[in-house]
Amino acid sequence: MPGIVGIISFRPADNCQSLLESMIASMQHEDSYRVGSYCAEEMGVYVGWVARDDSFAADQIVFNEQHDIALILSGECFVDTETQSNLRRKGHRLDRTNDSLIHLYEEEGEQFVENLNGLFSGVLIDKRQNKAFLFNDRYGSERIYWHQDGNATYIASEAKALLCVLPESRTFDNQGVAQFLTFGCTLEERTLFRGIQALAGASFWSFENGACRKRTYFSPESWESQPVISSEAFMARFEETFKRVLPRYFGSQSKIGISLTGGLDTRMIMACQPNGVGDVVCYTFSGETGETFDDRLAAQVAKVSGLEHRLLRIGSDFFSDFSSHVDRTVYVTDGCFGVLGAHEIYFSKQARQLAPVRLTGNYGSEVLRGISTFKPLGLSPSLLRPGFNGAQAFVKGSLAGGKPHPVTLAAFREIPWNLFGSLAAGRSQLTFRTPYLDNELVALAYRAPESLRKSPLPAWYVVKANSTALSKIPTDRGQSPTDSWPVATFRRFLSEAAFKLDYLNNEGWPHWLSPLDPIFTRVTSSLGIVGLHKYLHYRRWFRRELAPYISDAIADVRIQQMPYWNSAFLECMASKHICGRNNYVREINAVITLAAVERLLFRNLPRNVDDASISLSRIVQQAVV
């Protein structure tokens with residue numbers, strides 16, 4: 001995905017520039033990406049960037065009028081209109097959006113970052129003070145990987161950019177692997193790679209004369225300490241805040257695509273979309289054939305809103321090229337997304353053909369209603385060697401204590417840790433936007449009374465107050481505020497029953513009931529339940545269309561030799577899943593994903609830095625074709 005790279009070091013300039021070029025090359029996944037670099041050799045600062053040509057960050061590099069302050073940014077950053085007006089009154093020119101950021105620093109100094117909103121990371125170089133600053137958004141969703149040794153600090157938006165110049169890091173961090181096998185992701189600052197860490201959210205690091213000072217500019221505790229307000233006050237304030245912040249996410253010189261579902265969070269966006277927005281199209285991701293509830297309801301929502309709606313489907317090429325899709329996903333996301341995420345870049349490329357900006361309702365249910373999928377994977381204990389099983393148990397136990405605020409859990413843990421892989425894959429193709437991580441909206445979510453903390457009522461209140469027609473369309477879970485009590489109850493019961501049956505059809509029965517799975521699948525298919533809610537059928541695909549790929553991948557001798565797996569279990573795992581005796585979707589995903597990390601990011605990366613740009617070009621082409 002696009003991002004930034006950097007080296008802060010007083011080593012010879014030629015060496016640092018050569019390393020920087022290799023780091024940039026490792027992240028150039030598309031021919032259309034813009035790349036560049038900026039070096040302040042006298043300060044020992046070398047920074048590069050990779051950006052989509054139609055993105056916020058493509059407008060690099062930003063200087064002040066005196067050219068003694070420079071800003072390199074990744075992601076998107078919003079400054080409110082009042083702040084921009086104040087800057088203009090003080091005589092600052094704001095020809096470009098990024099201009100306001102650098103002038104805000106001139107006015108407020110290091111505190112400027114506290115007023116930034118959005119998902120971003122950046123490096124600011126102040127030659128007047130002989131200082132450089134590294135910072136990111138308060139959630140840590142615009143990820144930065146870093147490594148420090150005695151003489152240098154290396155930073156990059158993608159871990160592979162560090163791996164390509166730090167060969168000693170091309171090995172697994174066992175604690176990170178244990179976390180990955182327990183939760184499907186690494187936690188806090190841990191990564192899969194030895195000696196490489198992820199920058200904590202709200203970080204602000206300053207570099208001066210070879211010294212690094214690390215601090216954070218925000219803590220969720222400041223939002224947790226806010227007083228809870230009444231239900232009536234919260235509903236009114238929620239509507240006012242949502243309508244006020246939403247226009248930020250529609251501001252674009254490029255066409256905007258709304259990734260529409262049948263749920264409440266995109267419904268709120270459609271109900272409150274500002275007047276006078278530019279060219280907008282709606283689309284919904286779907287399976288090979290048929291229609292899900294999302295497909296049908298999204299089409300109704302778009303029609304009521306007067307917008308075009310398209311279905312983006314999985315085609316036969318997804319299965320015939322599945323190996324390439326997996327490799328590309330693993331390479332682009334540094335292993336944060338693997339086999340079960342191979343569809344994300346595939347769909348995002350289709351979406352990009354319609355619009356380069358994707359506006360979604362992602363994270364609304366997590367932040368506003370406490371819905372969470374962040375829990376242990378429950379992989380079969382037989383998969384792991386006994387010693388590593390113990391490491392996995394230690395990871396699970398280390399997080400058992402303490403219960404964070406539900407909004408803190410969602411915004412500062414689940415989203416930047418567990419849901420990062422999907423975000424990273426999509427952002428390689430599109431500009432990703434969601435209003436549900438807007439600072440103002442997240443801060444307000446902490447003030448919800450207990451009665452509304454898991455309730456859809458605030459969302460329905462916003463929809464109904466701004467579009468009566470949209471409020472009459474039920475959600476994919478059968479919710480509608482206009483139904484009478486008996487109708488609402490019956491509709492909700494049928495929808496929940498269909499959802500659970502469709503979930504079972506996708507996720508499968510427990511192992512001891514797996515022999516009944518074929519019967520269950522035939523019955524639910526004959527009733528028309530299969531595919532009503534889910535369009536990704538990896539469990540079934542692994543047994544049919546993708547069975548040869550799964551068998552060959554698991555049989556790879558290098559997988560058998562990895563230190564984590566019980567080889568006896570691996571020998572029968574794929575065959576038991578394919579024949580329907582057991583359900584090993586998650587186990588298969590874990591094994592093949594880590595094997596792809598080892599192959600693409602350790603073994604195949606160049607060892608000779610002098611040849612890195614040429615070698616990396618070849619590797620990137622192989623991973624993305």
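Values reported hereafter were calculated over all heavy atoms of this structure, with side chains retained and with hydrogens, waters and symmetry mates removed.
Contact detail for C185 and W417: the closest heavy-atom pair is CB-O, 3.5 Å. The nearest pair of heavy atoms linking V332 to S428 is CG1-CB, 3.7 Å. Scanning both residues, T434 and T360, for their nearest heavy atoms gives OG1-O, 3.6 Å. Between R138 and F412 the shortest heavy-atom distance is O-CE2, 3.3 Å. In this structure, P2 and R52 approach most closely via the heavy-atom pair CG-NH1, 3.3 Å. Across all non-hydrogen atoms, the minimal contact from L264 to R369 is CB-NH2, 4.4 Å.
Here Y461 pairs with M235, E239 under the side-chain contact (heavy atoms from CB on, under 4.5 Å) rule; sequence neighbours left out. With sequence neighbours left out, E108 forms a salt bridge (Lys or Arg N to Asp or Glu O under 4.0 Å) with no residue at all. Residues meeting the salt bridge (Lys or Arg N to Asp or Glu O under 4.0 Å) test with E450, sequence neighbours left out: R453. Taking S74 as the reference, E142 meet the side chain to side chain donor-acceptor pair (under 3.5 Å) condition, with sequence neighbours excluded. Remark: R244 engages E240, E440 in a salt bridge (Lys or Arg N to Asp or Glu O under 4.0 Å) (not counting sequence neighbours). Qualifying side-chain contact (heavy atoms from CB on, under 4.5 Å) partners for K349, counting only residues two or more places apart in sequence or in other chains: E30, R328, I345, Q429. Under the side-chain contact (heavy atoms from CB on, under 4.5 Å) criterion, N589 pairs with V339, L340, T593, not counting sequence neighbours. Residues satisfying the side chain to side chain donor-acceptor pair (under 3.5 Å) criterion with S254, sequence neighbours excluded, are absent altogether. Applying the side-chain contact (heavy atoms from CB on, under 4.5 Å) rule to P449 yields the partners V228, S231, F234, S451, L452; only residues at least two apart in sequence or on another chain are considered. Every residue two or more places apart in sequence or in another chain that forms a salt bridge (Lys or Arg N to Asp or Glu O under 4.0 Å) with R352 is listed here: D53, D54.
Applying the side chain to side chain donor-acceptor pair (under 3.5 Å) rule to pairs touching residues 273-284 yields T284-H309, sequence neighbours excluded. Judged as a salt bridge (Lys or Arg N to Asp or Glu O under 4.0 Å), not a single pair has a partner in residues 219-235 (not counting sequence neighbours).
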Show the numbers, then the answer: is there a side chain to side chain donor-acceptor pair (under 3.5 Å) between T186 and Q179?
CA-CA 5 Å; T186 56; Q179 292 177 353; 5.0 Å; no

Quick one: do R413 and T408 satisfy side chain to side chain donor-acceptor pair (under 3.5 Å)? Show the steps, please.
CA-CA 7 Å; R413 298 189 182 185; T408 297; over 6 Å; no

Step-by-step side chain to side chain donor-acceptor pair (under 3.5 Å) determination, N136 to Y217
CA-CA 10 Å; N136 64 348; Y217 63 87; 5.1 Å; no

Report the C-alpha separation of D294 and Y535 in whole Å, then their side-chain angles, then the decisive distance to 0.1 Å, and conclude whether the side chain to side chain donor-acceptor pair (under 3.5 Å) test is met.
CA-CA 10 Å; D294 274 344; Y535 65 89; over 6 Å; no

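Residue F285 forms a ring-ring contact (aromatic ring centres under 6.0 Å, His included) with just one option from Y346, F318, F347, and that option is F347.
Around the NZ atom of K255, the shell of radius 6.0 Å holds more than 12 heavy atoms that belong to other residues, nucleotides or ligands. Few gaps surround CZ on R190; more than 12 heavy atoms of other groups in view lie less than 6.0 Å from it.
By the 4.5 Å heavy-atom criterion applied to side chains, Q226 and L444 are not counted as neighbours. For the pair F112 and F133, the minimum side-chain heavy-atom distance is 4.5 Å or more. Looking at heavy atoms from C-beta onward, L297 lies in side-chain contact with I473 at the 4.5 angstrom threshold. Side-chain atoms of F250 and I258, non-hydrogen and from C-beta on, do get closer than 4.5 Å to each other. No side-chain heavy atom of R267 sits less than 4.5 Å from a side-chain heavy atom of T261. Side-chain contact between M268 and Y436 is present, with at least one heavy-atom pair separated by less than 4.5 Å. Considering only heavy atoms from C-beta on, P220 comes within 4.5 Å of Y446 through its side chain. Counting heavy atoms from C-beta outward, S141 and F420 have side chains that stay 4.5 Å or more apart.
A donor atom on one side chain and an acceptor atom on the other are found under 3.5 Å apart for Y249 and D438. Checking Q84 against S100 by side-chain atom types alone, no donor-acceptor pair falls below 3.5 Å. For R143 and Y145, the side-chain atoms include at least one donor-acceptor pair closer than 3.5 Å.
Taking the charged nitrogens against the carboxylate oxygens, K90 and E107 do have a contact shorter than 4.0 Å, which makes a salt bridge. Using a cut-off of 4.0 Å between Lys/Arg side-chain N and Asp/Glu carboxylate O, K454 and E366 are scored as not salt-bridged.
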